[in-house]
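In what follows, a structure is listed as structure tokens, so that the remarks can point back to it.
The chains referred to below are lettered A, B, ... by the order of the sequence lines, with proteins before strands, and numbering in each begins at 1. No hydrogens, no waters, no symmetry mates; every other heavy atom, side chains included, goes into these values.
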Amino acid sequence: MELIVTEKDNAARRIAEILSEGGHGVERTNGVNIYRWGDTRCIGLSGHVVGVDFPPEYSDWRNVQPVELSEASVVKTPTKENIVAALKSLARDADEAVIATDYDREGELIGKEAYELIEEETDVPIKRVRFSSITEREVRDAFANPDDLDFDLAAAGEARQIIDLMWGAALTRFLSLTAGQLGNDFISVGRVQSPTLKLIVDREREIQAFDPDDYWVIYGDLAKDDEAFEAQYFYEGEDGTENERVWNEADADAADEDLRGATSASVESVRRRTRTDDPPAPFNTTQFIRAAGSLGYSAQRAMSIAEELYTAGWITYPRTDNTVYPEDLDPEELLETFADTGAFGEDAASLLEQDDIEPTEGDEETTDHPPIHPTGEIPGRQDLGEDEWEVFELVVRRFLATCAEPATWAHLRVVATANGRSLKANGKRLVEAGYHAVYPYSSASENFVPEVEEGDDLDLSGVRLEAKETQPPRRRGQSRLIETMEQMGIGTKATRHETIQKLYDRGYIENDPPRPTGLAMAVVEAAEQFADHVTDEAMTARLEADMDAIAAGEKSLDEVTDESREMLQRVFEDLHEHREEIGDFLRTSLKADKTLGPCPECGDDLLVRRSRRGSYFVGCDGYPDCEYTLPLPSQGEPTVTDEVCAEHGLGHVKMLAGRSTFTHGCPLCKADEADQTEDRVIGTCPECGAEDGGELAIKQLRSGSRLVGCTRYPDCDYSLPLPRRGDIEVTDDRCGEHDLPELLVRDDEDDDEPWELGCPICNYAEYQERQAASAIEDLDGVGAKTAEKLAAAGIESLSDLSSADPETVAGDVQGVSADRLRDWQAEVTDTEAAD
DNA sequence: GCAAGGTC
């Protein structure tokens, strides 16, 4: 039997389709697909199926000096046990094996991992085939001319694994131990995340150090025969440059006065130009994330939707650096598949009318995957959720745009003078829409300036002077960060968005665009001072050079890792010398992040603390001498914002909880408010009203939350949640079923109609139903489509999911593996634990 | 429990 191993299931299936000429079967064992035809079996891995780690004796952080990790060995252990087991079992029956993983460095390493697993079972020959895209011709060619595995290239990848683990683990442990941050809140650093964090911190430093300058600009309205347009004052600088900003007020006032004194302006010059604006290059991952970002999707969300569209077969592989369509892609043929669809038919047809179709090309051409484009399998609108459709449409329209003509713009620049002062206007008109006709995402806004001629007299009115100040540099958004990472050469197409997410999860950044926390500022500063390699992007550049040398056979794996070990040991000399200083510095800034202000009882600092049960509260730094506390909401992770309560001098608290993040405000104000609010009885408690006379009342809690609860609390803990914001009004209408009044919620902050919350019992029941339906879709990587497939298999709520057997589900639901299901189950457990 | 890189 011949055994073929690919990097992923999708590749295994397509290779089976090609080599078997359609006549293949598939059997699913342990959640792994095995494709079979004739005497051949083909299995897809799931990327790396083994991982690197230190031997177990290094696993206790407290019993190992972090520097010892620089000399520790590194062992490989299976991480995807079901796939490893399936591979090994196939290997036992094989007469020969062929490694057909992706044609890149990581693919060679994944191939070597498979090679070693097979070798543990048998000594049959193991060959390697390489193809740059899974097309009939390339795959047949590759299998007709098998090669050997490139062990040098795989060793280059292994060097990266070892160096990343050693530096990351040793420095992460050192900083965490030194700052006393063990457990969930450890302080992590690494070759990719730390330079990325430094990028964010450096920008924040520029913003903090920014000193704004005042300047003035002057606008006026010009008109020719009632056609009005806006013009801006400018003057020539000493070096002949054109300036719009006036840097002192007296000069600005003088210019303003001159212009106000005029009622007309004379046209000095008119310049007309034609400009073309080329269609965009095909999508690589970074540019896709950027375009999705401008539609409002986070990098993580965009990739998660793309993954889903890929798994369903609507778009190609979403992780790619390539911006050049491969030769075997026939754009005309692909356009034709869209020609008779309702959504894209007209646009595709208009492109097919062009004389010839020559798609655009970007700068980067790689061999592993094509740029992201639609496959030609087209879903109906009802097959996808709203977001999925929007992203699919983006990918389709990008493809259409790359096949379209450039746009043509007519530019018209007019300069006029009045009282010796110059005014200018720049007009812009789209003459040929070109690709803009099929790609509405890039700006095609026009600016109207009428046709005027030199010497024309124009009416001048509405002269206005505006005082402004220079702005600090702007924070980079997620997609801008990913672009910058790409330019710096750190991370990969598949990991850059995950790195950003990791920084959020680790408490290093918050908000969008991300801004660094105090902890992040401190960690970057400490690393820069004492271990600057880890925040320096040059570390990656050097690693890349070393990996190239290993791949070329010029250096050995051991030479490179030994050099790296020594380098790390030198870093530790410095770290050890300044251990106390580093610890104090990190602890101080960690405390500052959690400090709200003075304790009203003793004047010491009030801090956000965590109880033994894991819930957050506000407590005094003077504990146990001072036992003052204030409660916090139970949902989310608290952070202290810059805003300070005028009455109590305490920082406002914001609760971070993903999409349901909310501002809690001053916790002392909230507690006072609750103390001053009387319970409003609205009816009888359905639990204990009949027996014990319990009543239901609207209550405001000191933690800021509101609920309808039993007056016999804590003897009876019946309760229904109420919204945090808005005034709650008890109406005279009553619910027939529960004999409770209907409630209205009025929110001062919006002028909308009040929200008819209705009977609180009915409302809560409806809320729970909605939650169950949407909760599955909130899991990482689950979209409308997958949720639908899971529902078809009987999984409609989180509790259905938790109690499901992963192997059974993997067998029932196409595109969902047992491992993936286990990930979701873990996610559900984590969220429940956090709640 | 540490990293970063595949994959889902």
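- Using a 4.0 Å heavy-atom cutoff across all strands shown, A:S59 reaches at least one base atom of the nucleic acid.
- If A:F54 and A:D102 are placed on DNA chain B by their nearest nucleotide, the residue sitting closer to the 5' end is A:F54.
- Listed pair A:R319 / B:dG6 fails the phosphate criterion, with no side-chain N or O lying under 4.0 Å from OP1 or OP2.
- Nucleotide B:dG6 holds its C1' atom 4 Å from the NE2 atom of A:H48, rounded to whole Å.
- For A:K502 and B:dA4, the shortest distance from a side-chain N or O to OP1 or OP2 is below 4.0 Å.
- Around CD of A:E377, the count of heavy atoms belonging to other residues, nucleotides or ligands within 6.0 Å does not exceed 12.
- At a threshold of 4.0 Å, the pair A:E17-A:R13 counts as salt-bridged, since one of the basic side-chain nitrogens sits closer than that to a carboxylate oxygen.
- The CG atom of A:L165 sits 13 Å away from the C1' atom of B:dG1 (whole-angstrom rounding).
- Taking atom CG on A:N82 and atom P on B:dT7, their separation rounds to 17 Å, with Å as the unit.
- Of the listed nucleotides (B:dG5, B:dC8, B:dA3), B:dG5 has the atom at the smallest distance from the side chain of A:T495.
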Under 3.5 Å, side-chain donor or acceptor atoms of residues 178-187 of chain A against the rest of the protein: list the pairs with distances, not counting sequence neighbours.
from: A:T178; atom 1: OG1; to: A:F174; atom 2: O; distance (Å): 2.5
from: A:Q181; atom 1: NE2; to: A:D185; atom 2: O; distance (Å): 3.1

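- Residue-level contact check: A:R506 touches the backbone only, with heavy atoms under 4.0 Å from sugar-phosphate atoms and none from bases.
- Atoms NE2 (A:H497) and P (B:dC8) sit 13 Å apart, rounded to a whole Å.
- A:Q193 comes within 4.0 angstrom of the backbone, heavy atoms only, and of no base.
- Here A:T492 reaches the OP1 or OP2 of B:dG6: one of its side-chain N or O atoms lies under 4.0 Å away.
- A:L45 comes within 4.0 angstrom of nothing in the nucleic acid, heavy atoms only.
- Which of B:dG1, B:dC2, B:dG6 sits closest to the side chain of A:S188 comes down to B:dC2.
- Across all strands, A:G183 comes closer than 4.0 Å to base atoms (heavy-atom distances).
- None of A:K80, A:E106, A:K76 except one satisfies the side chain to side chain donor-acceptor pair (under 3.5 Å) rule with A:H48; the exception is A:E106.
- The closest side-chain donor-acceptor pair between A:D321 and A:H369, if any, does not fall under 3.5 angstrom.
- Straight-line distance from the OH atom of A:Y317 to the P atom of B:dC8: 6 Å, rounded to whole Å.
- A stacked arrangement is assigned to A:W61 and the six-membered base ring of B:dG1, with a centre-to-centre distance below 5.5 Å and an interplanar angle below 30°.
- Rounded to an integer number of Å, the gap from CG of A:N30 to P of B:dC8 is 18 Å.
- Remark: A:F572 CZ is packed, more than 12 non-hydrogen atoms of other residues, nucleotides or ligands lying under 6.0 Å away.
- Contacts of A:E7 with the nucleic acid, taken as non-hydrogen atoms under 4.0 Å apart, involve only primed sugar atoms and P, OP1 or OP2.
- Judged by closest nucleotide on DNA chain B, A:R173 is the one of A:H369 and A:R173 placed further toward the 5' end.
- Residue A:R496 contributes atom CZ, which lies 14 Å from atom C1' of B:dG6 at whole-angstrom precision.
- Regarding contacts with the backbone of B:dG5, a side-chain N or O of A:R191 is found under 4.0 angstrom from either OP1 or OP2.
- Separating the CH2 atom of A:W167 from the C1' atom of B:dG5 is a distance of 19 Å, rounded to the nearest angstrom.
- Comparing B:dG6, B:dT7, B:dC2 by their nearest atom to the side chain of A:E106 picks out B:dG6.
- Donor-acceptor pairing under 3.5 Å is lacking for the side chains of A:T323 and A:E364.
- Looking at heavy-atom distances under 4.0 Å, A:V49 makes no contact with the nucleic acid at all.
- Residue A:D9 places no side-chain atom within donor-acceptor reach of the base of B:dC8, judged by atom type and a 3.5 Å distance cut-off alone.
- In the set B:dT7, B:dG1, B:dA3, B:dG1 carries the atom at the smallest distance from any side-chain atom of A:D60.
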